[in-house]
Each structure stands twice: as structure tokens, then as C-alpha cells.
Peer 1: 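The structure under discussion is supplied below as C-alpha cells; questions concerning it will follow.
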Amino acid sequence: MKFLRIVGILVAALAMVGFGLCGVLGVMIGFRPYTDAANMFDGTFFMGLAGLAICATLAWFLVRRLNRAFRASGK
């Protein structure tokens, strides 16, 4: 059972890093600073923001899960 928890945490960490990198890349590609205001943000920009939101959610999940695991092992 501990093995499955460790594997789950590792998979969530890898997914968090992947979504974070894709989100940053999407934001960088989707933002066009030297165009007019109507075309400044591409669809990729908003997909990058969604990737960063998923990354933040996974980070919150991991911190909560690891905090609970370390709190239980200290007792």
C-alpha cells in the first residue's frame, strides 16, 4: 500500500512539472507584444494559463498529501 502511495505522489509530481512547463511555454508563445490590442493574446496563451492552473492545483494536492504523511509519521 505504501508503494502505491509513493508511485501516486511521483506521478502527480511528474504531471505537475509537465503541466507547468507546457503552461509556461504556452504563455510565452501565445503572448504577442508588438501587435494591436485585439490580437495580443492568442488561444495558446489561454491554454497556457489553464496548464499553469492545473500545475498549481497539483502542487496544492502534493503539499497537502505530503504534509499529512509527515504529520502522521511524527506521532
Side-chain angles (χ1 to χ4, degrees):
M1 198 65 171
K2 281 189 175 186
F3 177 72
L4 290 177
R5 285 185 183 178
I6 292 171
V7 168
I9 288 173
L10 287 176
V11 167
L14 286 174
M16 181 190 72
V17 169
F19 276 113
L21 289 175
C22 289
V24 168
L25 186 64
V27 168
M28 286 174 40
I29 291 173
F31 181 67
R32 299 172 193 217
Y34 298 114
T35 58
D36 57 340
N39 296 323
M40 190 175 291
F41 299 111
D42 195 3
T44 313
F45 179 80
F46 297 108
M47 290 175 60
L49 286 179
L52 289 175
I54 293 171
C55 175
T57 304
L58 285 171
W60 173 77
F61 169 76
L62 282 173
V63 167
R64 196 182 85 200
R65 186 68 64 166
L66 288 174
N67 190 13
R68 189 180 303 161
F70 285 129
R71 191 172 2 132
S73 67
K75 289 183 179 179

Peer 1: Kindly state each residue pair satisfying ring pair (Phe, Tyr, Trp, His ring centres under 6.0 Å) with at least one member in residues 32-59, sequence neighbours excluded.
Peer 2: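 Counting only pairs at least two positions apart or across chains, the ring pair (Phe, Tyr, Trp, His ring centres under 6.0 Å) contacts touching residues 32-59 are Phe31-Phe41, Phe41-Phe45.
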Peer 1: How many angstroms lie between CG in Leu62 and CG in Leu10, if you round to the nearest 0.5 Å?
Peer 2: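 Leu62 atom CG to Leu10 atom CG measures 9.5 Å (nearest 0.5 Å).
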Peer 1: Please say yes or no: joined through hydrophobic side-chain contacts below 4.5 Å, possibly via intermediate residues, are Met28 and Met40 part of one cluster?
Peer 2: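 In one cluster: yes.
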Peer 1: Mind checking whether Phe3 and Val11 sit in one hydrophobic cluster, side chains of I, L, V, M, F, W, Y counted as touching below 4.5 Å?
Peer 2: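 Same cluster.
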Peer 1: In this structure, would Ile9 and Leu58 fall into the same cluster of hydrophobic residues linked by side-chain contacts under 4.5 Å?
Peer 2: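 In one cluster with Ile9: Leu58, yes.
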Peer 1: So how far is it from Asp42 CG to Met47 CE, rounded to the nearest 0.5 Å?
Peer 2: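 One finds 10.0 Å between CG of Asp42 and CE of Met47.
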Peer 1: Take Arg32 and Asn39 through the test side chain to side chain contact (heavy atoms under 4.5 Å, CB included) and record every step on the way to the result.
Peer 2: CA-CA 8 Å; Arg32 299 172 193 217; Asn39 296 323; over 6 Å; no
Peer 1: Look up atom CG in Leu52 and atom OG1 in Thr57, then write down how far apart they are to the nearest 0.5 Å.
Peer 2: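 Taking CG in Leu52 and OG1 in Thr57, the distance rounds to 10.5 Å.
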